[in-house]
Amino acid sequence: MSTQPAPAPLLIACALGIEQFALRAGDRGGAGGPVTVLRTGMGPAAAERSVTRMLADPALRDAAVLATGFCAGLAPGMHPGDLVVAEETRDPRGTTACVGTELLVKELGRAVPGRTVHTGPLTGSDHVVRGHERSDLRATGAIAVDMESAATLLSAVRAGERPVAAVRVVVDAPEHELVRIGTVRGGISAFRVLRSVLPAFFEWHRSLLLPRR
């Protein structure tokens, strides 16, 4: 009697406690395999340490990795609560291509109907980006910036070949700069969106488990 291989796990990485809380509050089940929601801590160094340590666990050795949480939008016309699906993540150490971007866009449209979904490069920073730095990063072609996604995905692929992706919720944008998460309407809007995205992540993960033709 043959046994089916265990489904590959999914590691969802975020930086902040409020992001982790939103994801756990929105978890209604339906994943295609075991799911771990990891709070890495803020910044690229913390993300690299946490993700590398988690993927050293034999139970997560083959995990798909998805980076998520809040971000700063760089493009004019972005609003708090908009979604960003990365085609690639970038930081000074390199570029990491993302898998399943089109599927994530489609599934996010189902999970959070009415929300604008942007696709393009997501760039990394080691600090909160303000003012002219936004324009400088936008000039590179990036559509959004955060501090952990690039480090998370680069660490993930360095630990072994695996599918990776990044989905972020815009919490502030050029015309809507945020002062403190959770104290303004933009932060609350972004929190509600992040709480609703897990079904799209689970569909992305499930698609990776399907046999290739």
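Only this structure's heavy atoms are used, side chains among them; waters, hydrogens and symmetry mates stay out.
Considering every non-hydrogen atom in both Ala97 and Val164, the closest pair reads O-CG2, 3.5 Å. What you find for Ala67 and Thr152 is that their closest heavy atoms are CB-CG2, 4.0 Å. Pairing each heavy atom of Leu74 with each of Ala142, the nearest pair is CD1-O, 3.7 Å. Considering every non-hydrogen atom in both Thr40 and Ala15, the closest pair reads OG1-CA, 3.6 Å. Pairing each heavy atom of Ala75 with each of Arg138, the nearest pair is CB-CZ, 3.9 Å. For the pair Ala190 and Val170, the tightest heavy-atom approach, listed with the atom from each and the gap, is CB-O, 3.7 Å.
In this structure, the side chain of Asp91 engages the main chain of Gly94 through a donor-acceptor pair within 3.5 Å. His205 contributes a side-chain N or O that, together with a main-chain N or O of Ala8, makes up a donor-acceptor pair within less than 3.5 Å. In this structure, Arg162 contributes its side chain and Gly160 its backbone to a donor-acceptor pair below 3.5 Å. With hydrogens and angles disregarded, no donor-acceptor distance shorter than 3.5 Å links the side chain of Ser50 to the backbone of Ala47. Put simply, the side chain of Thr140 gets close to the backbone of Leu137: a donor and an acceptor are under 3.5 Å apart. A donor-acceptor contact shorter than 3.5 Å is absent between the side chain of Trp204 and the backbone of Ala165. In this structure, the side chain of Thr68 engages the main chain of Val167 through a donor-acceptor pair within 3.5 Å. A distance-only check finds a donor-acceptor pair linking the side chain of His79 to the backbone of Gly77 [under 3.5 Å]. A donor-acceptor contact shorter than 3.5 Å links the side chain of Arg134 to the backbone of Gly73.
There is no path of hydrophobic side-chain contacts, each under 4.5 Å, that joins Leu38 to Val197. Hydrophobic clustering, with ILVMFWY side chains joined whenever heavy atoms are under 4.5 angstrom apart, keeps Leu11 apart from Val99. Val193 and Phe201 fall within the same hydrophobic cluster, defined by Ile, Leu, Val, Met, Phe, Trp and Tyr side-chain heavy atoms under 4.5 Å apart, directly or through other members. The cluster map of Ile, Leu, Val, Met, Phe, Trp and Tyr, joined by side-chain heavy atoms under 4.5 Å apart, puts Val117 and Phe191 in the same cluster. Linking Ile, Leu, Val, Met, Phe, Trp and Tyr whenever their side-chain heavy atoms come within less than 4.5 Å puts Leu23 and Leu108 in one cluster.
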Please walk me through it: do Leu16 and Met42 pass side-chain contact (heavy atoms from CB on, under 4.5 Å)?
CA-CA 7 Å; Leu16 304 176; Met42 286 184 65; 3.3 Å; yes
Give the intermediate values and the outcome of side-chain contact (heavy atoms from CB on, under 4.5 Å) for residues Val85 and His118.
CA-CA 6 Å; Val85 178; His118 307 268; over 6 Å; no
Give the intermediate values and the outcome of side-chain contact (heavy atoms from CB on, under 4.5 Å) for residues Asp172 and Phe70.
CA-CA 9 Å; Asp172 70 340; Phe70 303 131; over 6 Å; no
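In this structure, Asp82 and Val169 have side chains that are not in contact, with every pair of non-hydrogen atoms separated by 4.5 Å or more. Between Arg158 and Arg93, some side-chain heavy-atom pair lies under the 4.5 Å cut-off. Residues Leu208 and Pro163 have side chains in contact (heavy-atom distance under 4.5 Å, counting atoms from C-beta outward). For the pair Leu55 and Val65, the minimum side-chain heavy-atom distance is below 4.5 Å.
Note that CG of Leu83 and CG of Leu194 are 9.0 Å apart. Values are rounded to the nearest 0.5 Å. We find the CZ-CZ distance between Arg115 and Arg192 to be 9.0 Å, quoted to the nearest 0.5 Å. Within the model, atoms CG of Leu104 and SG of Cys98 stand 9.0 Å from one another, a figure rounded to the nearest 0.5 Å. Within the model, atoms SG of Cys71 and CE of Met78 stand 7.0 Å from one another, a figure rounded to the nearest 0.5 Å. To the nearest 0.5 angstrom, Phe202 atom CZ is 5.5 Å from Ile12 atom CD1. The OG1 atom of Thr95 sits 12.5 Å away from atom CD of Glu87, with the distance rounded to the nearest 0.5 Å.
The stretch residues 53-66 participates, sequence neighbours left out, in no salt bridge (Lys or Arg N to Asp or Glu O under 4.0 Å) pair at all.
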Scan the side chains in residues 143-150 for donor-acceptor partners under 3.5 Å anywhere in the protein, sequence neighbours excluded, and list what turns up.
{"residue": "Asp146", "atom": "OD1", "partner": "Glu148", "partner atom": "N", "Å": "2.7"}
{"residue": "Asp146", "atom": "OD1", "partner": "Ser149", "partner atom": "N", "Å": "2.7"}
{"residue": "Asp146", "atom": "OD1", "partner": "Ser149", "partner atom": "OG", "Å": "3.3"}
{"residue": "Asp146", "atom": "OD1", "partner": "Arg168", "partner atom": "NH2", "Å": "3.3"}
{"residue": "Asp146", "atom": "OD2", "partner": "Ser149", "partner atom": "OG", "Å": "3.0"}
{"residue": "Glu148", "atom": "OE2", "partner": "Gly43", "partner atom": "N", "Å": "2.7"}
{"residue": "Ser149", "atom": "OG", "partner": "Arg168", "partner atom": "NE", "Å": "2.9"}
{"residue": "Ser149", "atom": "OG", "partner": "Arg168", "partner atom": "NH2", "Å": "3.2"}

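A salt bridge is absent between Arg24 and Glu19; no separation between the charged side-chain nitrogens and carboxylate oxygens falls under 4.0 Å.
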